[in-house]
Protein chains: 2
Amino acid sequence: MNLSRSQTEPVNGMVCRRSEASTAGSFCQNCVVRTRAFCAVLDDDALARLDQSHTIVNLDSEDGLFMEGDDATSFFTVLSGALRLSKLLPDGRRQITGFVLPGEFVGLSAGDTYVDNAEALTEASLCRFTVSDLKRIGQDNPEMDSQMLAMTNNTLTQARDHMLLLGRMKAPEKIASFLTSLLDRASAADQPTDPLALPMSRADIADYLGLTIETVSRTFTRLKADKIIALPEHNRVSVNNMEALVQLAEG
Amino acid sequence: MNLSRSQTEPVNGMVCRRSEASTAGSFCQNCVVRTRAFCAVLDDDALARLDQSHTIVNLDSEDGLFMEGDDATSFFTVLSGALRLSKLLPDGRRQITGFVLPGEFVGLSAGDTYVDNAEALTEASLCRFTVSDLKRIGQDNPEMDSQMLAMTNNTLTQARDHMLLLGRMKAPEKIASFLTSLLDRASAADQPTDPLALPMSRADIADYLGLTIETVSRTFTRLKADKIIALPEHNRVSVNNMEALVQLAEG
DNA sequence: CGTTAGCTTGATTTTCATCAATACTCGTGG
DNA sequence: CCACGAGTATTGATGAAAATCAAGCTAACG
């Protein structure tokens, strides 16, 4: 498909092989996330303008996209793969604040710098716009803001659910809750649920759930001992007792 | 296990002394939060329409406004006072997901029911709209969605900061961080910062920070023993050593 | 194969929750 | 005005959950 010049560029000290290619032609109409992304509500005219101003970005697993504090000049829609968003304390403690999946966007900032770090969890491709282009297009297409508001509101709802998990759940509940939400997403995206793929490392899971890797590991083995799940591989889970898992996940 | 944190009132069925009055005349132009609320961007025409469709709601401290699962038919802007948003686990564990201050709004839901509980932290007055009125007005005033997007984005940023606190900070860091953010807000709102008022109970602080009331209390006394703060009253704090407090708050 | 990064398991310590008692605050009625 | 009582906050003793420290695994890759 589209060939791109691949380059290794340090982004703020972060080494990432990130390839970019400007696109010719009318990709937007045939975009894989056409029906789900913020641009789903745009008419053909606006889509044509988007086609002018977007760029495709390809990331390898673990590549950084942007960092907290960088100038927020770009805005991205995820086409494929997944990103993680994280925040750090000065001494290195990390909290993953969310995962970004195909159709969702990242990089919309309240101020003029990004407020978190975005990195690729897997290989990923993204559709990139400059914030100024986006604003321009948005002004002529008010339904875009309304769509983005709805999507942001969804993200906020998830964030609040996650606060309940972080502040009030115990380790087994956190893990169970994590697994059920992965299961939901996988089945929503027509991906296999048995075994379920865990696309992220134990460290990522730990930093997402507010635990250590040791506790994550121990909790998995405990759930396994309790016959609630099985771990055919480190990165695959299959659920034996869904009742019990859901029970735990609810708190 | 204590199931009920607010023993005073049966919350189910929303027992609350809540007074409503439909408004005559053109309040919107003179509204106390005119320059800060989502309606700040509206023109006179739209304001006139808002005047038609809004209602004032007055809440006493601890009154409930809505509960998780209720039909999300109304939308509110806080005029004065403060609300808390919370989520519950089935066994009663509670997480406060945020506080809502004058100028901010509550009740915008991704789906058709509310996703959290909203209660008055202090006496409060709110401006109420039906969601359908709001949508109608929004369709003719696209800048409204854009303003609401910006405000929601701000809230999302706060939510993510709070996830870092909940998942990765220790009790003294949580308390210090809580105090510095209260100080910031108080000074932004031209309210006294020394002593700083704590408008919420220990239970609210605990449920906001993911701690127990005992740990909150002990942490306050420890900060006091370390001469970082003083507690002239239970609900007032004054900071003796701002350096140290900020140091702690940063992690 | 050997090396390494990631994962698991075990022993110990730390932090915070829980349980329990005591003190403070404020409103009410004697 | 004081005494009482309910609600709220503090303090203390103990326990449990999870973090930390420290080896061992396991699997992927040269």
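In what follows, every chain begins at residue 1, and chains take the letters A, B, ... in the order their sequences are listed.
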Neighbours of DNA chain D within residues 88-101 of chain A, by heavy-atom distance under 4.0 Å: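 Nothing qualifies; none.
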Interface residues of residues 172-181 of chain A with DNA chain D (non-hydrogen, below 4.0 angstrom):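 When residues 172-181 of chain A is checked for heavy atoms under 4.0 Å from DNA chain D, there are no hits whatsoever.
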Side-chain heavy-atom pair [X], [Y] within 4.5 angstrom cut-off:
X: A:R84; Y: A:D204; value: yes
X: B:V216; Y: B:R202; value: yes
X: A:L59; Y: A:L83; value: yes

What nitrogen or oxygen pairs link the protein and nucleotides 7-9 of chain C at under 3.5 Å?
| residue | atom | partner | partner atom | Å |
| --- | --- | --- | --- | --- |
| C:dC7 | OP2 | A:R202 | N | 3.3 |
| C:dT8 | OP1 | A:R202 | NH2 | 3.1 |
| C:dT8 | OP2 | A:R202 | NE | 2.7 |
| C:dT8 | OP2 | A:S217 | OG | 2.8 |
| C:dT8 | O5' | A:S217 | OG | 2.9 |
| C:dT9 | OP2 | A:T221 | OG1 | 3.4 |

side-chain hydrogen bond (donor to acceptor under 3.5 Å, both in side chains) partners of B:T157, counting only residues at least two apart: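 Partners of B:T157 by the side-chain hydrogen bond (donor to acceptor under 3.5 Å, both in side chains) criterion come out as none, since no residue qualifies.
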Exercise: do B:T55 and B:R128 side chains pair donor with acceptor under 3.5 Å: no
B:S61 and B:T122 side chains, donor-acceptor separation under 3.5 Å: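 No, B:S61 and B:T122 have no side-chain donor paired with an acceptor closer than 3.5 Å.
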Phosphate-side-chain proximity, B:T212 and C:dC16, N/O vs OP1/OP2 below 4.0 Å: no
Atom-to-atom span, [atom1] of [X] to [atom2] of [N] - whole angstrom:
X: A:R168; N: D:dA17; atom1: CZ; atom2: P; answer: 16 Å
X: B:E62; N: D:dG7; atom1: CD; atom2: C1'; answer: 12 Å
X: B:D204; N: D:dG7; atom1: CG; atom2: C1'; answer: 14 Å
X: B:I205; N: C:dC16; atom1: CD1; atom2: C1'; answer: 17 Å

Counterpart residues, side-chain contact (heavy atoms from CB on, under 4.5 Å), relative to A:D226 (two or more places apart):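 Only A:R222, A:I228 meet the side-chain contact (heavy atoms from CB on, under 4.5 Å) criterion with A:D226.
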Contacts of A:T155 that satisfy side-chain contact (heavy atoms from CB on, under 4.5 Å) - sequence neighbours left out: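 Listed in chain order: B:L156, B:R160.
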A:G210 vs A:E233, nearer the 5' end of DNA chain D by closest nucleotide: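 Closer to the 5' end of DNA chain D: A:G210.
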Global bending angle along the helix from C:dC1-D:dG30 to C:dG30-D:dC1, which compares the axes of five pairs at either end, to 10 degrees: 30°
Using a 3.5 Å cut-off and no angle test, enumerate the donor-acceptor pairs between side-chain atoms of residues 242-251 of chain B and protein atoms at least two apart in sequence or in another chain.
none

Residues which pass salt bridge (charged side-chain N to carboxylate O under 4.0 Å, His left out) with B:R168, listed by chain and number, not counting sequence neighbours: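 Result, salt bridge (charged side-chain N to carboxylate O under 4.0 Å, His left out) vs B:R168: A:D207.
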Partner set under salt bridge (charged side-chain N to carboxylate O under 4.0 Å, His left out) for A:D161, not counting sequence neighbours: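 Listed in chain order: B:K87.
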Pairs touching residues 228-251 of chain B that satisfy ring pair (Phe, Tyr, Trp, His ring centres under 6.0 Å), sequence neighbours left out: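 Applying ring pair (Phe, Tyr, Trp, His ring centres under 6.0 Å) to every pair that reaches into residues 228-251 of chain B, excluding sequence neighbours, yields nothing.
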Under 3.5 Å donor-acceptor pairs involving side-chain atoms of residues 177-189 of chain B, not counting sequence neighbours:
| residue | atom | partner | partner atom | Å |
| --- | --- | --- | --- | --- |
| B:T180 | OG1 | B:A176 | O | 3.3 |
| B:T180 | OG1 | B:S177 | O | 2.9 |
| B:S181 | OG | B:F178 | O | 3.3 |
| B:S187 | OG | B:L183 | O | 3.3 |
| B:S187 | OG | B:D184 | O | 3.2 |

